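Quick note on labels: first sequence line is chain A, next is B, and so on, each numbered from 1. Keep in mind it's a predicted model, so treat the numbers as computed, not measured.
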Number of protein chains: 2
Amino acid sequence: MVKYNPLDATFAALSDPTRRAILECLSQENVPAAGLMVTSLAKPFDMSLPAISKHLKVLDKAGLLVRKRDGRIHRCSLDAAPMWEAARWISEYRNYWENQLGSLAGFLETFSAREEE
Amino acid sequence: MVKYNPLDATFAALSDPTRRAILECLSQENVPAAGLMVTSLAKPFDMSLPAISKHLKVLDKAGLLVRKRDGRIHRCSLDAAPMWEAARWISEYRNYWENQLGSLAGFLETFSAREEE
DNA sequence: ATTATATTTAACCATTTGGTTAAATATACA
DNA sequence: TGTATATTTAACCAAATGGTTAAATATAAT
């Protein structure tokens, strides 16, 4: 009865540690435009290639992953836009953080810390 | 192989629309300290009480729900602290939002909009 | 003591999830 | 053309998820 919401897919995608690790790999790519091929992405994980392939599909469906096919190589890169929507949803609860002293301050600090990098 | 991470439970808890709706109900309580009893919480949902009970357990395990038992009534209230951790994890990807023009600005706006309320 | 209310637990079921191995597909290379 | 590489799909499996109804538990009220 509750209509489909893209947040479902975003939060679900982020709930798995392997997928979060994949996102971290993608974010640490020094040439973000290029993207990582699937095999390289899979290397750090003690898991079969098809397993990683499935995880990538989940990230893809959540809109967190962009594939740019280049011959037989699939170059994967990050699109963090859905995370932004997730963070915006969470931000509605800011009032409840305020009660926990220092949390909000810390949060804003996190968000402005790299402003001048 | 990947060690347990509380973010797993937080993101998983947030991935279900019913649970997000429950959190919204909790957040809209005018007397947050009092908390909502389970039956009242369940009323808006086209779902059995045990189903809601299970959802509450998921939220509880994720640390998003605080129960204060008062006789046979369980008063539920929100603890948004784990959301804060989730948002902090997401914040690490801020650099990837910047590419999408306006997103970061909008985000910071969201977070400072109610500063003067 | 009985009955009603609030909530959870138990048992069950269908679907999804996260993994596997084996096979298929598509491209590159010799 | 044949072979190696990159990746997905298929088929399978165990465990988790999200729901149900029926029963159990705990408290309150009469």
Please give, in whole Å, the distance from [N] [atom2] to [X] [atom1]?
X: B:L41; N: C:dT7; atom1: CG; atom2: C1'; result: 13 Å
X: B:L56; N: D:dG18; atom1: CG; atom2: P; result: 13 Å
X: B:L36; N: C:dT7; atom1: CG; atom2: C1'; result: 15 Å
X: A:K68; N: D:dA6; atom1: NZ; atom2: P; result: 18 Å
X: B:R20; N: D:dG18; atom1: CZ; atom2: P; result: 12 Å

Using the test salt bridge (charged side-chain N to carboxylate O under 4.0 Å, His left out), find all partners of A:D70 that sit at least two apart in sequence or belong to another chain. none
List in chain and number order the residues that pass salt bridge (charged side-chain N to carboxylate O under 4.0 Å, His left out) with A:R19, two or more places apart in sequence or in another chain; answer none if no residue qualifies. none
Rounding to 0.5 Å, atoms CE (A:M83) and OG1 (A:T10) come to a distance of 9.0 Å
Just wondering, do A:V38 and A:S53 contact through their side chains at under 4.5 Å, heavy atoms? no
Shortest non-hydrogen contact between [X] and [Y], atoms and distance:
X: B:A13; Y: B:L59; value: CB-CD2, 4.2 Å
X: A:S15; Y: B:A12; value: CB-N, 3.4 Å
X: A:A62; Y: A:P82; value: O-CG, 3.3 Å

The contact string for nucleotides 24-30 of chain C, one letter per nucleotide 5' to 3', using protein heavy atoms under 4.0 Å with B, S and - for base, sugar-phosphate only and none, comes out as --SBS--
At under 4.0 Å between heavy atoms, which parts of nucleotides 15-21 of chain C does protein reach? Answer with one letter per nucleotide, 5' to 3': B base, S sugar-phosphate only, - none. ---BBBB
B:H74: which residues meet the side-chain hydrogen bond (donor to acceptor under 3.5 Å, both in side chains) condition with it, sequence neighbours left out? none
Taking five pairs at each terminus, the helix from C:dA1-D:dT30 to C:dA30-D:dT1 shows an axis bend, to 10°, of 10°
Do B:L49 and B:M37 share a hydrophobic cluster (ILVMFWY, side-chain heavy atoms under 4.5 Å, transitive)? no
When you group the ILVMFWY residues by side-chain heavy-atom contacts below 4.5 Å and let the links chain together, are A:L36 and A:V58 in the same group? no
Would one find a side-chain N or O of [X] under 4.0 angstrom from OP1 or OP2 of [N]?
X: A:S53; N: D:dT8; value: yes
X: A:K57; N: D:dT7; value: no
X: B:T39; N: C:dT7; value: yes

Tell me whether A:R20 contacts the main-chain N or O of A:I22 through its side chain, where contact means a donor paired with an acceptor under 3.5 Å. no
